[in-house]
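On a predicted model such as this, the values are computed, not experimentally measured, just so you know. Counting starts at 1 for both ligands and their atoms, following the listed order. All heavy atoms count here, side chains included; hydrogens, waters and symmetry mates do not.
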Amino acid sequence: MDCGDESRRAAEALVNSSHSIAFTGAGVSTESGIPDFRGPNGLWRRFDPRMASVEYFLDDPRGFWAFYSARFKFMLSAKPNAAHFALAELERMGLIKAVITQNVDGLHSAAGSVKVIEIHGSSRTVRCSRCGARASFEDALRLYEETSEPPRCSCGGIYRPDVVLFGEPVVRLGEALDEARRSDLVLVVGSSLTVHPAAEIPLLVKERGGSLLIINMEPTEYDDLADVVIHCPAGKALESVLRKSKEIIESRRRPGEH
Ligand SMILES: [Zn+2]
């Protein structure tokens, strides 16, 4: 597929919209070396899903921390890629008002996106299972590696990942739905829209008469519903959308020079 023609249509829709949001999934972070956690071939699928459940954390915090520290450690060194940077620039241009993400890697913020709603939480922080206080994952990990004991908050409670574990509801859902309700366009990037209820957020925009743009390597079951579909890597497709958005804005500033 030619990313070019379709990205021009996506850029036109973005420039013509009044309130657009991005909804991102694992496909945005694969170019940063982060595997899909929840997808059909996801990291957590290769382990017993109970290892990433709150029941396991409560039942065996030592075993849980051994599993979790090994699996989250590499995310500390991950860097944002072209897809994250393009979305941050689209926000600075006013073409995207918020990023709602299923990712927990913190790379949208690292790339400069300001309004980021992480509905599966963040791997960059931990939170106390007793008082709810947050601390940096990096500090908690250092403590764990020094002591080989699950790190504790000053109140004595054990820190847990600040991400949504299996069996737990998504977070900031109300905020994400509010964004969706006021949007006339949603740009879905790197999500196959199979994880519910998260997938209902972009679909809400479409149901309310807005536009649905999908950038994903693989076909999704919502491609038929979408206004523009681009089956290309996220970084390449978004750089193209960004470039064409700038061209359209520039051409509108200079009438007669199309
Ligand atoms: Zn505490």
### Message
Under the rule for salt bridge (Lys or Arg N to Asp or Glu O under 4.0 Å), what residues qualify as partners of Glu175, not counting sequence neighbours?
### Response
Arg172
### Message
Any side-chain to backbone donor/acceptor pair from His108 onto Val116? Under 3.5 Å, distance only.
### Response
no
### Query
Which heavy atom in Ile158 sits nearest to a heavy atom in Pro150, and how many Å separate them?
CG2-CB, 3.8 Å
#### Entry: Atoms of type N/O/S from protein, distance to the Zn ion (ligand 1) below 2.8 Å
4
### Query
If you measure only the distance, is there a donor-acceptor pair under 3.5 Å linking the side chains of Thr101 and Thr24?
yes
### Message
Strictly distance-based, threshold 3.5 Å: is any side-chain N or O of Asn103 a donor or acceptor partner for the main-chain N or O of Ala26?
### Response
yes
### Task
Go through Ser18 and Asp184 one step at a time and tell me if the side chain to side chain donor-acceptor pair (under 3.5 Å) criterion holds.
CA-CA 7 Å; Ser18 56; Asp184 60 353; 2.9 Å; yes
